[in-house]
Structures are given as structure tokens and as C-alpha cells.
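When reading the values below, keep in mind they use all heavy atoms of this one structure, side chains included, and skip hydrogens, waters and symmetry mates. Just so you know, residue 1 is the first one in the sequence shown, and it goes up from there.
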Amino acid sequence: MTRGQEVPVEVKAEVPQLLLKKDYRYGIRVYYKTDKGTQDHVGSLPFDFGEYNFEAGKAFLQRSFSFPYTPSKARGQLMAQGVLTNPKGKMRYTKPVALAPGIRTTPNLVKHAFGAAYVPGEYKNESNEPLTFTIYFDQGLATLKHGFGNNLQLLDDFILSNKKTKVVEILGTHSPDAEETTARNLASRRAVALERYIKQKFDTESYVNDTKNVKFKVRSLQQNWDAFLGRVQTSALPKEQVNEILEIVNGEGSFSEKEALLQKLPSFEYLEMYVYPVLRYAEVSVDYIPNPRKDYEIYLTARKIVENKLGTDALSPEEMQYAATLTPLLAEKKKMYEVAVATHMQWRALNNLGMIYLEQAQKELKPKVKKGLLENAILNFRYAAHRQPTAQLFYNLAIAHHQHGDYLEALHSYNYSVKLGGPLPVLQQVFTDKAALELEVGQYDDAAGSLAYAGDGYAAQYNRALLYFLKENYEDAAKLAQKVLGLQPNDATTHYLLAVMGARTKNEQQLTEHLKKAVQADAELAGKAIEDLEFIDYHKTPAFNSAFQK
């Protein structure tokens with residue numbers, strides 16, 4: 001049976017002790033032979049002195065191997081062949097024997113949430129609220145840096161846009177861990193570092209603003225729990241664990257004493273991995289003067305820009321992106337976002353252009369074209385997420401990597417998405433897809449940990465059922481699968497999984513009932529079931545064949 005991208009194999013062989021002669025070498029080669037005749041070497045069992053043990057008068061040897069899985073290998077046979085080498089080096093072979101008839105692929109029946117999303121433009125809201133930029137720092141430091149997951153580039157883009165700025169407010173803070181709280185005036189130093197940076201940019205790179213006509217308000221929060229509590233309450237932690245944290249933070253004791261108590265909680269690993277890193281920041285809030293236009297004017301101007309009848313400076317970056325939302329035509333929308341990206345490289349346009357590529361990839365049937373579209377989506381999502389680090393944007397990037405098959409990159413982005421925090425429904429989708437990826441690569445214990453925070457959505461509950469099945473807990477797997485059918489009564493994959501459970505547990509009634517419903521919901525599953533080794537013992541039984549009758 002597959003486990004991730006590999007097929008693990010364990011082989012035990014016995015040879016009567018009397019057959020083993022001095023100066024002769026005995027071995028067994030294990031290989032996988034597909035229906036098309038190709039062979040994969042899996043491993044060898046050498047019956048050399050010191051390699052084997054004795055049991056009941058027989059020499060035995062046990063080895064674990066694995067070989068890569070591809071769909072073309074699903075049908076075939078795991079084979080073994082004895083090899084005898086005499087003292088002169090001449091080799092003789094036994095007749096090959098079949099050890100297993102093909103590969104079971106049930107672990108691949110994973111479901112995804114894949115909740116990638118567009119982000120709305122800021123244009124209509126420009127006149128109402130100031131812009132906010134959150135700049136992240138490394139642990140214990142107040143040094144500004146450009147790079148992965150930082151908003152500093154986004155702040156640079158705003159300054160270079162030369163919008164008339166009235167007030168800049170800066171708030172510095174830190175995470176609750178000892179290295180941050182014992183660093184002298186760390187929150188204040190972070191705020192001051194940003195103030196100096198912005199003032200220098202205004203004086204050297206802006207022709208509208210300078211430090212004489214912009215008011216700066218700088219403050220810091222040292223040993224304050226507000227940001228921490230906000231992150232915890234928008235995390236994927238279960239309610240009872242959130243309540244434990246609130247009880248400690250709102251209780252008696254010094255700041256350091258409370259942090260020490262947090263370290264003893266079951267949820268501390270989550271806090272340390274996903275919450276503390278994103279509390280090392282300074283927040284910049286900018287109040288500026290917008291210059292709004294009417295919708296029809298923006299749309300017509302954008303069309304002229306796309307048609308090269310006007311220069312790209314005829315609209316601001318925000319107006320160009322807003323224009324893309326005014327047309328229902330995907331091709332026209334794409335062209336407007338492409339112009340916005342080419343001229344301004346702002347995160348909203350990058351993300352939304354990435355979404356268009358992702359949607360096109362999901363509809364594409366040609367593998368090579370699909371791969372190219374996903375690569376374009378990844379490129380745009382990466383730029384967007386690094387300019388505006390939010391849970392949703394890194395989730396979008398993770399999904400594109402996941403669908404492209406870049407599993408390590410996808411896992412990295414899923415983790416970073418959770419660290420940034422956000423609406424609970426988004427975080428639960430992130431954990432659902434993170435668990436799906438971990439199931440796909442065979443990391444079942446990690447998947448169990450992720451599913452603990454994935455909520456009770458359809459895909460999360462199904463993947464829990466699959467995980468229980470893979471751990472051979474068929475009773476609880478069946479209960480969870482029935483819950484999934486409560487949400488999606490006609491879900492073909494869930495019925496198919498229950499049919500497989502019926503085969504595993506020798507429950508012919510369950511096999512027939514759910515295989516029949518699976519085939520009714522998705523006719524392609526009939527062909528899969530006929531070839532599926534899970535049903536090999538039932539291929540000639542009425543229980544199996546009646547599932548295909550109308």
C-alpha cells in the first residue's frame with residue numbers, strides 16, 4: 001500500500017539450514033514488475049554469514065524496503081527470485097514467485113479545502129480609513145530588513161506613490177518570551193527605527209511629503225498582553241485551550257510568571273510556533289488624502305490603457321486594480337491586472353492575477369499547460385504574500401505550491417499562514433489542507449496534529465476518517481465517515497471509503513451498499529473498483545457484482 005510517494009515493503013524469507021553450504025552465496029532479489037513488463041529493483045536479502053538468524057532449524061532474514069510510486073505502477077506484482085552463486089562465481093536463479101498482486105492506493109483518497117481567495121481593492125475605502133503596515137522583526141532585534149514575509153517593501157511602495165500624507169502613527173511591541181521581554185526597551189527601539197526609516201524616505205524619495213509637513217506619533221507597548229490575546233482569540237486553538245490561556249493572562253502574577261505558566265500548557269507548542277513570531281513587530285498607520293473618481297471614468301480609462309491608447313500613469317495603482325473588478329470578463333480582468341502588476345507591482349494586483357492563473361489551471365486538462373499556469377500563479381502569489389504577509393495570501397501561495405507538487409514549499413507556506421493569524425474559518429481551512437498534504441506524503445502523526453485544529457468542516461472530517469482507516473481503526477473511521485455523509489449525503493469518495501472498510505472488515509452488506517452509492521454518484525468509480533486490490537477477494541461474489549446493478 002502506498003505511503004505518500006513511496007510504497008513501503010517488508011519481506012521475510014526462510015531457508016532450511018541444511019541447504020546453506022560453505023563457499024556458496026545465497027540471496028533473494030526483490031523487484032516490482034508492472035503489467036507493462038517494466039521492473040523496479042526493490043531490494044535484496046543476502047543470506048551471508050552474520051546477516052541472518054535461526055528459528056526452528058531455519059535461517060531467516062527480514063528487511064524493509066520502499067520504492068517510488070507512480071500511477072503506472074498500480075497494476076503489477078511484487079516478485080522475489082532466489083540467486084545462488086557457486087565458489088567459481090557462476091550464478092543460478094530460481095523461478096520467480098509473486099509476493100503481492102499490485103499496490104493498494106486507498107491512502108491517496110485525500111480531500112482538500114483549497115479556499116484560495118481574491119482580495120478586495122482598497123480604492124473605495126480610501127476616504128474612510130488610514131492604511132496600516134505591520135513590519136516584522138527577528139527575535140530580540142530592532143533591525144529593519146527587507147525579505148520573506150515582511151511589509152517593508154509595501155511601505156516603500158506607499159511612500160513612492162507620493163500621496164499627500166497628514167499623520168504617521170507608529171506602535172512598537174514585542175512577543176512575551178524572555179529573550180524579547182528582557183531586551184532593553186525593545187518595543188520602543190523598534191518604533192524609533194521605523195520612524196527614522198520613514199523620515200529618511202520622505203526627505204530623499206518623496207516630492208509631495210517631507211518631515212516638516214507630516215506629523216509623527218510614536219509610542220510603544222512593553223510587557224503588554226493585548227496583541228497576544230488578540231492573536232490567541234483569532235487562532236485555530238480549541239475553545240478550552242483558549243480559555244486556559246485567558247485564565248493565566250487575566251489572573252494574578254507578573255508578566256514573566258504568567259509567561260512561565262503558559263509554557264506548561266498543552267497549547268504552548270502552538271503558541272511558540274504560530275503566535276510568538278508574529279508578535280515581534282511595529283505597526284505603522286498612515287492617514288493620507290485620497291483623490292477618488294467615478295466608476296465609469298476609471299473603467300473607460302483602464303480600457304484605454306490596456307489598448308495602449310493612454311499611458312499607465314493615467315490611473316493610480318489602486319484605480320487600475322479597482323477597474324479590474326468592474327468587468328465580468330475574465331480575459332479583460334486579466335489584462336488589467338497584468339498592466340497593474342507590470343507598472344506598480346502592488347500586492348492586491350499580484351494576488352488577484354495569481355487567482356486568475358490558479359482558476360485557469362484548475363480548468364486546464366493538458367498537464368504541461370496546467371503546470372505553466374500554476375507556476376505563474378506561484379510567482380504572483382509569492383510576490384503578493386511577501387509584500388503583504390497575511391494568513392489568506394500565504395494560504396493562496398501554499399495552495400498553488402500544493403497543486404504544483406512542491407510539497408515542502410507548500411508546507412512552509414501553510415505554517416507561515418497559521419503564524420500570521422486571521423479569521424478562524426481561514427485558519428481551519430489552512431490546517432485542513434496542511435493535514436491533507438501530510439497525509440499525501442505519509443506523515444500520519446503530523447496530519448493528526450493538524451486535524452486537531454482543522455474544525456468540523458467537510459474535508460477535515462473526511463480526512464480524519466481516512467486517517468483512522470489508515471491506522472486500522474475501522475470502527476471510528478466508519479463513524480466519522482457517516483458524519484461526513486450527514487454533511488454531503490451523495491459524496492462518492494466517502495461512500496467508496498466506506499465500501500473499502502466493508503471489504504477490510506468482511507462486512508459484505510456495507511461493501512455492497514456504499515459501493516453502489518459511490519458508483520451512482522460517480523460512474524468512473526466503477527472502473528476503479530474493478531481494478532482496486534481492496535476488493536480482490538470479492539470480485540466474483542454477488543456482494544461485489546450487485547453494487548454495479550441499477
For the residue pair [Y] / [X], report whether a side-chain donor-acceptor contact shorter than 3.5 Å exists.
| X | Y | value |
| --- | --- | --- |
| Gln139 | Asp177 | yes |
| Gln488 | Thr494 | no |
| Asp491 | Tyr462 | no |
| Asp157 | Gln153 | yes |

Kindly indicate whether the side chain of [X], heavy atoms from C-beta on, has any atom under 4.5 Å from the side chain of [Y].
| X | Y | result |
| --- | --- | --- |
| His386 | Phe394 | yes |
| Tyr281 | Ile135 | no |
| Val519 | His495 | no |
| Gln360 | Lys334 | yes |
| Asn396 | Met355 | yes |
| Phe268 | Tyr276 | yes |
| Arg280 | Asp138 | no |
| Thr432 | Tyr453 | no |

Closest contact, heavy atoms only, [X] versus [Y]:
| X | Y | answer |
| --- | --- | --- |
| Phe431 | Ser450 | CB-O, 3.6 Å |
| Met1 | Leu470 | CE-CD2, 4.4 Å |
| Ala191 | Val218 | CB-CG1, 3.7 Å |

> For atom CZ of Phe228, is the number of surrounding heavy atoms from other residues, nucleotides or ligands below 6.0 Å larger than 12?
Replying inline: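 Yes, enclosed.
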> Should we count NZ of Lys201 as having more than 12 external heavy atoms under 6.0 Å?
Replying inline: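 Yes, NZ of Lys201 has more than 12 neighbouring heavy atoms, counting only those of other groups under 6.0 Å.
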> Does Lys528 come within less than 4.0 Å of Glu524, counting only side-chain N to carboxylate O?
Replying inline: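 Salt bridge absent between Lys528 and Glu524.
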> Is the closest basic N to carboxylate O distance between Arg387 and Asp156 below 4.0 Å?
Replying inline: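 No.
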>> By the definition side chain to side chain donor-acceptor pair (under 3.5 Å), identify the one residue from Asp522, Asp532, Thr106 that meets it with Tyr496.
In response: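 That would be Asp532; it is the only one of Asp522, Asp532, Thr106 passing the side chain to side chain donor-acceptor pair (under 3.5 Å) with Tyr496.
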> Could you walk me through whether Gln392 and Tyr395 pass the side-chain contact (heavy atoms from CB on, under 4.5 Å) check?
Replying inline: CA-CA 5 Å; Gln392 184 65 61; Tyr395 181 34; 3.6 Å; yes
>> Would Leu194 and Leu155 count as a side-chain contact (heavy atoms from CB on, under 4.5 Å) here? Give the steps.
In response: CA-CA 10 Å; Leu194 259 177; Leu155 180 59; 4.1 Å; yes
>> salt bridge (charged side-chain N to carboxylate O under 4.0 Å, His left out) for Lys363 and Glu359? Distances and angles first, verdict last.
In response: CA-CA 7 Å; Lys363 297 173 184 177; Glu359 287 181 356; 5.3 Å; no
> Of Asn380, Asn376, Leu374, which is the lone residue that meets side-chain contact (heavy atoms from CB on, under 4.5 Å) with Leu358?
Replying inline: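 With Leu358 as partner, side-chain contact (heavy atoms from CB on, under 4.5 Å) holds for just one option, Leu374.
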>> With rounding to the nearest 0.5 angstrom, report the CD to OH distance, Gln321 to Tyr337.
In response: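 Separation between the atoms: 7.0 Å.
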> Can you tell me how far NE2 of His401 sits from CD of Glu375, rounded to the nearest 0.5 angstrom?
Replying inline: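 Here the interatomic distance stands at 10.5 Å.
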> When the ring centroid of His402 is compared with that of His112, is the distance short of 6.0 Å?
Replying inline: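 Yes - the distance between ring centres of His402 and His112 falls below the 6.0 Å cut-off.
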> Does Lys199 count as lying over the ring of Phe216, i.e. NZ or CZ under 6.0 Å from the six-ring centre, within 45 degrees of the axis?
Replying inline: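 Output yes; distance and angle both within limits.
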